[in-house]
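Okay, structure first, notes after.
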Amino acid sequence: MRVPGIIYTSEKLMRGMGEDEGPRQVANVAHLPGIVTASLAMPDMHWGYGFPIGGVAAFEMEEGVVSPGGVGYDINCGCRLMATRLQAEEIRDRLQALVTALFQNIPSGLGSRGVLKLSAKDERQVLTEGALWAVRHGYGTEGDLEMTEDRGVMAGADPEKVSDRALERGKDQLGTLGSGNHFLEIEVVEEIFDREAAAVFGLESGQICVMIHSGSRGLGYQVCDDYLARMVKHIHEIGIPLPDRQLACAPLNSGRGRDYLAAMACAANYAWTNRQLLMHRTREIFEKTLGMGPRELGMGLLYDVCHNIAKIETLPVGGKDVRLCVHRKGATRAFPPGHTALPPAYRKVGQPVLIPGDMGTGSYVLAGTQSAFTESFGSTCHGAGRVMSRTRAVKASRGRSIPKEMADRGVIVMASGKGTLMEEIPEAYKDLDEVVEVVHRAGLSKKVARLRALGCIKG
DNA sequence: ATGTTC
């Protein structure tokens, strides 16, 4: 190991990890060339492809590497939260109608196709412009871009570096939710922990919000797969033996490294466009179902932030500002108060951090901190994190009616695939409250509000 | 996460 491994966790969460390979993977990552300070993991960490999910690793630009496994298969998987002007009691009687309408009008599930069929030219524009493409075509407003991390566009995207197969998979999946842990959820603000930050973010108790958790769909998957294959082929050129082939990577200053970053940026832009379209459709569905106008409904974007990405960022290392390639795989950016990357409206309190829970549980809104900036490369956790494999979860769900169990917990869940619900049972995940408590106490982000799920659509 | 191994 070139640097230490550091896991932010609690005794309870660590015990729950059992034989999980995550901690070993934290150590494996610490072998990579150019890694800076430490290989980190957040309390929601668990086994992933090469790098642990919930992992953070930063590499210096000259000697360092970029690794597709350090980003994950779902490039720019992330969350966006919309804050409505509605109070929970106003929509109690319309909740089922809303969930049904969302389920019927938002394509979800494995291989789902969207309403849009992109021309080759439009798809290239999506890949370079990101969420701006959606806004230019009438799906949302300039204000939405203001509240999206990096305004919903990553620089350096080059569609020439994206394979024909990835382009093919992407052309009809825009505006689709996907499968697995992805969801669109109607939630109510249940508890406020930080009144000042909540007020700045426009959150109040009893308020209805909508959380969208989705990513870059088949296109991002294909980009990851293509570049893993290419990097594994040249793995010997790294010059040192790697503890795991799944750590396949390329020097940041190599052709392969630059090509991956250019293709990854395309997938990131696709994901931001996707969440922008999902949000626009959600606004239309709320308006139609409730018979209300946009003014009355609110439904402004509170924030959109990704949790699977590699980004070139300037961060303090040993008291000096250094340009680094920060890999966040199942980890969320959590930039501090005053940082220029934040929308001016939020600069006083820090970046909104959106933490999706497991199915039907709800979400947290946190705020980024100065300690995250100096300690964890401006990063915090990304969710509850699996504690059970998908296959184990399916086994544990046999003979049960998951929708009924969710209904008994007071959450309406509609899903296109029965298998997904079985994989996503709450007991397959860690305790979200415990995960958030760890990052809060460690100072990596501070609790602002907890939202409880009311209705949820899934793949 | 993923047209769940073209």
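Chain letters run A, B, ... following the sequence lines, proteins first and then strands; every chain starts at 1. What you see is a predicted model; the values in this text were computed from it and never measured.
As rounded to whole Å, 5 Å separates atom P of dT2(B) from atom NE2 of H182(A). The distance between atom OH of Y227(A) and atom C1' of dT2(B), rounded to the nearest whole Å, is 19 Å. Protein atom CG of N274(A) is 14 Å distant from nucleotide atom C1' of dT2(B), rounded to whole Å. The CG-P distance, from L228(A) to dT2(B), rounds to 16 Å in whole Å. Atoms OH (Y221(A)) and C1' (dC6(B)) sit 12 Å apart, rounded to a whole Å. Nucleotide dT4(B) holds its P atom 12 Å from the OH atom of Y73(A), rounded to whole Å. For the pair N308(A) CG and dT2(B) P, the computed distance is 11 Å after rounding to whole Å. Remark: P of dT4(B) and CG of D225(A) are 11 Å apart, rounded to the nearest angstrom.
Counting non-hydrogen atoms under 4.0 angstrom, G72(A) reaches nothing in the nucleic acid. At the heavy-atom level, Q173(A) lies under 4.0 Å from the strands shown only through sugar-phosphate atoms. Using a 4.0 Å heavy-atom criterion, one finds that R217(A) contacts the sugar-phosphate atoms exclusively. Across all strands, G215(A) comes closer than 4.0 Å to no nucleic acid atom at all (heavy-atom distances).
Under the 30°/60° scheme for interplanar angles, the aromatic rings of F51(A) and H327(A) are found to lie parallel.
Qualifying side chain to side chain donor-acceptor pair (under 3.5 Å) partners for K395(A), counting only residues two or more places apart in sequence or in other chains: none. Checked against salt bridge (charged side-chain N to carboxylate O under 4.0 Å, His left out), E375(A) has no partners two or more places apart in sequence or in another chain.
Residues S363(A) and E187(A) bring a donor and an acceptor atom of their side chains to less than 3.5 Å of each other.
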